[in-house]
Amino acid sequence: MCRLLMTSLFLCLWLVENGQGSLGETLEELHTEFAVGLFQTLTETDNNSNLIVSPASVSMSLGLLQFGARGNTLSQLEGALRYNSNEMRMQDFLQQVQGDSRNSTQALRVQLACALFVQSGMQLSQEFTQHASAWANSSVVHTNFSQPNHTRGQVEQWVRSRGNGDAHALLAGEELAGLVEAQGGPSLWGQTQMALVSSVAFRGTWQRQFLFAETRTLPFTLSDGTTIKVPMMYQASEVKFGQFRTLTDHRYTVVELSYLGDSLSLMVALPSERKVPLAHLETQLTPRAMALWAGGLRRTKMDVFLPRFKIQNRFNLKSMLLSLGISDIFDPMAADFGGISAEDGLYVSEAIHEAKIEVTEEGTKAAAATAMVLLKRSRAPVFKADRPFLFLLREASTGSVLFMGRVMNPAVLV
């Protein structure tokens, strides 16, 4: 059995008191465009580390803010997401995503949720409250930010309640509080009027399981050419496989590994030529190319090698959102959140994102004992992720990219 655990926590939008989408494009295309833009912005600031981000978590939070934004603040949010959260197609899209979440099983769990933590005594508009309660399994929780320990407890309780009973699924309240204090110090708690926390959690079992008995230690070539030894999972099975070309005519390969139920899958992409760096594929990646993957893959009997890896990243999203054209929300003089509350002066103080992924098979702790197991080699084509690669977890029914990232060094521990 192979279990993959992904968690994204978007602790953001600390709103502190200070004295339209393209109708010609599908939501799948718009979400893919946002995912690619967000990921490429992230790679521009960090070009040699393991990365993971949850575009679904970020867009879900920005979508909720649209309900309370007005004027140019709303226009910037719509410009980045390319849609308005009030659109009927967006409501239908969200219901489909939530429906897939409610249909989760023990073998496959997906959960999206938002919580709006509001300073006690602050009056929210009735319209915004109604939108919040219907948006991505959202809830409104009243708290007292001047009592950090109490607020931490409330956040921790909410986070754990969204973890499907898995203590490791989401970050705890203490860690959550640490994110805030790391950005603005403990005093930021006392100034806070509202906080939006959104999460996307996924846990799945491969449709065709990797067996730990077939895992062995194999070489992995880093971007600088050096070679390390890593636990490499293996399976000989029928998978979806395709070869594509970038705009500069470099070939790359994509393999899609499905989870039980076929509703979600993990796509892995890497340059076909070993001498071509992953950075070339990252810069050449386009929303259209990614959208074509689903239709361009064909079932092929293959030997698949995929390293175990575990990644956890924390980012200050402010710079990334600014690069996407979202600036007013961070400016106390320009932000317009009149739709959230009649009180003046609400703006976004911090935008922080944390995501986690662990790809492994059941029995990982016993892997060292299987290092000497020899694999039965076949004459089937081989997909071997033994050098830096991209990955994304995608929902088949909606095309939503829940998680996107890259593995530069699978031996790096979180």
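Note that the structure is predicted; figures quoted are calculated from it, not measured.
The aromatic rings of Phe389 and Phe309 sit perpendicular to each other, their planes meeting at more than 60°, with 30° as the lower class boundary.
At a threshold of 4.5 Å between non-hydrogen side-chain atoms, the residues Phe67 and Gln130 do not count as touching. Using a 4.5 Å heavy-atom threshold, the side chains of Val118 and Leu124 count as touching. Looking only at side-chain heavy atoms (C-beta outward), Thr300 and Glu238 stay at 4.5 Å or farther from each other.
A donor-acceptor pair is defined here as one N or O able to donate and one able to accept, closer than 3.5 Å; such a pair exists between the side chain of Asn50 and the backbone of Asn409.
Evaluation of the side-chain hydrogen bond (donor to acceptor under 3.5 Å, both in side chains) rule for Ser327 yields Gln76 as partners, not counting sequence neighbours. Listed by chain and number, the residues in a side-chain hydrogen bond (donor to acceptor under 3.5 Å, both in side chains) with Ser265 are Glu256 (sequence neighbours excluded). For Ser319, there are no side-chain contact (heavy atoms from CB on, under 4.5 Å) partners two or more places apart in sequence or in a different chain. With sequence neighbours excluded, the residues that form a side-chain hydrogen bond (donor to acceptor under 3.5 Å, both in side chains) with Asp386 are Arg274. With sequence neighbours left out, Ser223 forms a side-chain hydrogen bond (donor to acceptor under 3.5 Å, both in side chains) with Asn48.
For the salt bridge (Lys or Arg N to Asp or Glu O under 4.0 Å) condition, the pairs that include at least one residue of residues 241-252, sequence neighbours left out, are Arg245-Asp249.
When all heavy atoms of Ala411 and Ile228 are compared, the pair lying nearest together is CB-CD1, 3.8 Å. In this structure, Pro307 and Met232 approach most closely via the heavy-atom pair N-SD, 3.3 Å. The minimum heavy-atom distance linking Phe128 with Gly339 is given by the pair CB-O, 3.3 Å. Across all their heavy atoms, Val53 and Phe39 have their closest contact at CG1-CD1, 4.4 Å. Contact detail for Met267 and Arg394: the closest heavy-atom pair is CE-CD, 4.3 Å. Heavy atoms only, all atoms of each residue included: Ala132 and Leu64 are closest at CA-CD1, 3.8 Å.
Summarising the local packing, CD of Gln243 is surrounded by more than 12 heavy atoms from other residues, nucleotides or ligands at distances under 6.0 Å. In the displayed structure, Arg288 atom CZ is contacted under 6.0 Å by at most 12 heavy atoms of other residues, nucleotides or ligands.
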Trace of the side chain to side chain donor-acceptor pair (under 3.5 Å) decision for His250 with Ser272
CA-CA 8 Å; His250 282 89; Ser272 299; over 6 Å; no
Verdict with supporting geometry, Leu77 and Ile326, side chain to side chain contact (heavy atoms under 4.5 Å, CB included):
CA-CA 6 Å; Leu77 291 170; Ile326 302 176; 4.1 Å; yes
Step by step, work out the side chain to side chain contact (heavy atoms under 4.5 Å, CB included) result for Val359 and Arg308.
CA-CA 6 Å; Val359 178; Arg308 293 197 207 120; over 6 Å; no
Just do the side chain to side chain contact (heavy atoms under 4.5 Å, CB included) check on Val255 and Thr253 with the steps written out, would you?
CA-CA 7 Å; Val255 160; Thr253 57; over 6 Å; no
Could you walk me through whether Leu218 and Tyr234 pass the side chain to side chain contact (heavy atoms under 4.5 Å, CB included) test, one step at a time?
CA-CA 11 Å; Leu218 293 174; Tyr234 166 82; over 6 Å; no
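Taken to the nearest 0.5 Å, the CZ atom of Phe391 stands 10.5 Å off from the CZ atom of Arg406. Distance check, rounded to the nearest 0.5 Å: CD of Glu78 to CG of Leu62 gives 12.0 Å. We find the CG-CG distance between Leu51 and Asn313 to be 5.5 Å, quoted to the nearest 0.5 Å. One distance of note links CG of Asp336 with CG of Leu346; it measures 10.0 Å at 0.5 Å rounding. Taking NZ from Lys384 and CG from Leu270, the interatomic distance works out to 12.0 Å, rounded to the nearest 0.5 Å. If you take CD on Glu33 and CG on Leu38, they are separated by 12.5 Å, rounding to the nearest 0.5 Å.
Remark: aromatic rings of Tyr252 and Phe244 are close, center separation under 6.0 Å.
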